Amino acid sequence: MPFRWKVLLFTTIFLCGCSSSSLLPSNRETVRSPWPDYAAAKRAYDQIKPYQTTYDEIKHLGFDPYTTPNIEVLNYLDVMRRFMPNQGIKKEDLDLGIQQCLEAKTECRAFEIIVENTQNDRYGNPVLDIFNFRRKTKTSGWGFKALVVMNNNLAIYKLWSGKPNIDYTNDKKNPLGPLQSSEDTLKKSISPW
């Protein structure tokens, strides 16, 4: 094949790649849960009322560690480490429900759930991406975390946090393209740290 045909072929692939992101990889990370989205998880959480909601009611809402995946069961020592990470925090400084949990010791347990549903899509020029000159990634989705503290099968404390709308991009440029990763690997192999 003559040189000019190779140049023409490369240019065609390069220009076609500018508008076609379907050639680039994407991945989806989903933590299995009974809630299809952030709003559903938050609605279930909002139905938990400290000193009113029982363990059976919490199970019905989807916060059952034995049937819902990815719920961690914490004992009172785990709760203590979470709320009293250093000597500067005294038990008296904590919420009454946490104080009661620490006093109840083995009767206290907590359920921590972390639900996340994210999708990473690479976009941009496939040729630049494949040869590692420029990689653009868009991450979208949602994440929800909740902690429910139980004492004798009664919810006594709850706490939540989350990201209702994850949307960020990463634009990584490597001027040396495929040699850039080799340079990084070489630096790591030479450096004692």
Side-chain angles (χ1 to χ4, degrees), residues 25-123 135-172 184 188 193:
S26 67
N27 81 351
R28 182 174 195 89
E29 292 180 30
T30 304
V31 174
R32 203 175 109 218
S33 78
W35 309 290
D37 56 27
Y38 179 88
K42 181 70 167 74
R43 276 193 304 274
Y45 170 84
D46 287 341
Q47 293 180 44
I48 299 171
K49 306 291 183 215
Y51 300 100
Q52 294 176 20
T53 307
T54 65
Y55 176 63
D56 289 335
E57 292 168 326
I58 286 175
K59 286 191 329 187
H60 180 71
L61 293 171
F63 293 92
D64 182 7
Y66 302 105
T67 59
T68 303
N70 306 309
I71 294 181
E72 184 176 355
V73 180
L74 307 173
N75 62 35
Y76 80 99
L77 294 173
D78 296 324
V79 172
M80 184 186 308
R81 281 190 285 274
R82 299 270 169 106
F83 287 92
M84 299 174 67
N86 60 52
Q87 297 288 334
I89 300 173
K90 305 286 185 226
K91 190 164 79 169
E92 303 81 44
D93 298 334
L94 301 176
D95 183 272
L96 181 61
I98 300 299
Q99 290 181 38
Q100 291 173 347
C101 170
L102 298 177
E103 290 166 7
K105 297 192 180 190
T106 58
E107 296 298 317
C108 174
R109 62 191 164 153
F111 304 135
E112 181 180 51
I113 186 162
I114 300 173
V115 180
E116 194 167 290
N117 185 339
T118 59
Q119 180 163 339
N120 297 314
D121 293 311
R122 297 230 300 258
Y123 68 97
R135 287 197 174 152
K136 295 180 179 182
T137 307
K138 177 178 176 52
T139 302
S140 59
W142 59 275
F144 183 79
K145 295 180 186 179
L147 178 73
V148 179
V149 179
M150 307 288 298
N151 189 6
N152 289 322
N153 293 323
L154 185 68
I156 60 172
Y157 181 81
K158 68 178 191 171
L159 185 66
W160 71 278
S161 66
K163 298 177 184 178
N165 188 15
I166 297 171
D167 185 6
Y168 62 89
T169 58
N170 182 11
D171 188 355
K172 184 177 179 183
D184 294 341
K188 288 178 185 175
W193 307 107

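Please read all numbers here as calculations on a predicted model, not as lab measurements. All values below were derived from every heavy atom in this structure, side-chain atoms included, with hydrogens, water molecules and symmetry-related copies excluded.
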Drop me the distance from I71's CD1 to I114's CD1, to the nearest 0.5 angstrom. 11.0 Å

Contact summary for W35 and A40, nearest pair of heavy atoms: CD1-O, 3.6 Å

Looking at P34 and P36, what are the two nearest heavy atoms and their distance? O-CD, 3.8 Å

Establish, from distance only, whether the side-chain atoms of D167 and S140 form a donor-acceptor pair under 3.5 Å. no

F63 and A146 have their tightest heavy-atom pair at CE2-CB, 4.2 Å

Exactly one of N151, N153, N152 should register a side chain to side chain donor-acceptor pair (under 3.5 Å) with R109. Which one does? N153

Please verify the inter-ring angle class for F111 with Y55; under 30° counts as parallel, over 60° as perpendicular, anything in between as tilted. tilted

E116 CD to F144 CZ distance, which is reported to the nearest 0.5 Å: 13.0 Å

Option from N75, V149, L74, L94 for which side-chain contact (heavy atoms from CB on, under 4.5 Å) with C101 holds: V149

If you round to the nearest 0.5 Å, how far is OG of S33 from CG of N117? 8.0 Å

Surrounding NZ of K59 (heavy atoms of other residues, nucleotides or ligands, distance under 6.0 Å), is the total greater than 12? yes

On a heavy-atom basis, which atom in E57 and which in T53 lie closest, and how many Å separate them? OE1-CA, 3.2 Å

Output the distance between atom CZ (R81) and atom CG (D78), rounded to the nearest 0.5 Å. 5.0 Å

Which heavy atom of I166 sits nearest a heavy atom of G143, and at what distance? CD1-N, 4.0 Å

Heavy-atom distance under 4.5 Å between the side chains of V115 and W142, does that happen here? yes

Straight-line distance of L102 CG to L77 CG, nearest 0.5 Å: 9.0 Å

More than 12 heavy atoms of other groups within 6.0 Å of K145 NZ: no

Any residue meeting side chain to side chain donor-acceptor pair (under 3.5 Å) with K158, in chain and number order, not counting sequence neighbours: none

Can you tell me how far OG1 of T68 sits from CG of N70, rounded to the nearest 0.5 angstrom? 9.5 Å

Can you list every side-chain hydrogen bond (donor to acceptor under 3.5 Å, both in side chains) pair that touches residues 84-96, not counting sequence neighbours? none

Heavy-atom closest pair (A155 atom, I58 atom, distance to 0.1 Å) is CB-CD1, 3.8 Å

Answer with yes or no whether the side chains of N170 and R122 bring together a donor and an acceptor at under 3.5 Å. no

Under 3.5 Å, side-chain donor or acceptor atoms of residues 43-52 against the rest of the protein: list the pairs with distances, not counting sequence neighbours.
from	atom 1	to	atom 2	distance (Å)
Y45	OH	L159	N	3.1
D46	OD1	K42	NZ	2.6
D46	OD2	K42	NZ	3.2
K49	NZ	D46	O	3.0
Y51	OH	Q100	OE1	2.7

